[in-house]
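Notes follow the structure.
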Amino acid sequence: MVDYKTHMDVLFSDNKKFQLKRVMWELSEPERDEAHYFTNYELLRRITQTHQRAYIELLSAVAAHHTENHALFNIAHENIGRKISQVAKAAGYEQKPAPTVTDVNIWGDPAQAVCYHRSERVVEPE
């Protein structure tokens, strides 16, 4: 298995315009949603939009390693999804099954979303 850590570190890094904990907080605001959650797709779109170069480099690395596989976006997004799960849990968000929550995937198709709910352990970022 190829290590995409370098690309993932950049995708999940903070800068002046993007603080990951702040984005998760804002996506789970009560004014936005009473259940205080965000989906994996919402956070993926924010991360990849903010860090476009790292996203393209990750896709390029996936393509270079998986020359016979045609599901390159799926491979990249599986890696991003695992990292989203790790950082959300570390920040105090709980992953709960939500079979009725759908979002759109990279192709614009409806897909079942993974939901990360705010727990009492989540502290508003400064």
*Could you grab the distance from atom OG1 of T102 to atom CG of D109, nearest 0.5 Å is fine?*
11.5 Å
_Holding to side-chain hydrogen bond (donor to acceptor under 3.5 Å, both in side chains), I want the full list of residues that pass it with N105, two or more places apart in sequence or in another chain._
none
*Could you tell me whether a side-chain N or O of S60 sits under 3.5 Å from a main-chain N or O of E57, the two making a donor and an acceptor?*
no
*What's the shortest heavy-atom distance between I84 and L44, and which atoms?*
CD1-N, 3.9 Å
*Would you find a donor on one side and an acceptor on the other, under 3.5 Å apart, between the side chain of S85 and the backbone of G81?*
no
*Which one of L58, L43, N40 satisfies the side-chain contact (heavy atoms from CB on, under 4.5 Å) criterion with I80?*
L58
Which side-chain N or O atoms in residues 17-26 pair as donor and acceptor under 3.5 Å with protein atoms at least two apart or in another chain?
unit_1: Q19; atom_1: NE2; unit_2: N15; atom_2: O; d: 2.3
unit_1: R22; atom_1: NH2; unit_2: P125; atom_2: O; d: 2.4
unit_1: W25; atom_1: NE1; unit_2: E29; atom_2: OE2; d: 3.2

*If every non-hydrogen atom of S13 is compared with every non-hydrogen atom of V10, which pair is closest and at what distance?*
OG-O, 2.7 Å
*Is the backbone of H36 close enough, under 3.5 Å, to the side chain of R118 for a donor and an acceptor to pair up by distance?*
no
*Return the set of residues passing side-chain contact (heavy atoms from CB on, under 4.5 Å) with K5 (not counting sequence neighbours), or none when no residue passes.*
D3, D9
*Side chain of Q52, backbone of Q49: donor and acceptor closer than 3.5 Å?*
yes
*Of all heavy-atom pairs between L11 and Y55, which one has the smallest distance, and what is that distance?*
CD2-N, 3.8 Å
*Hey, do the aromatic rings of F38 and Y93 have their centres closer than 6.0 Å?*
yes
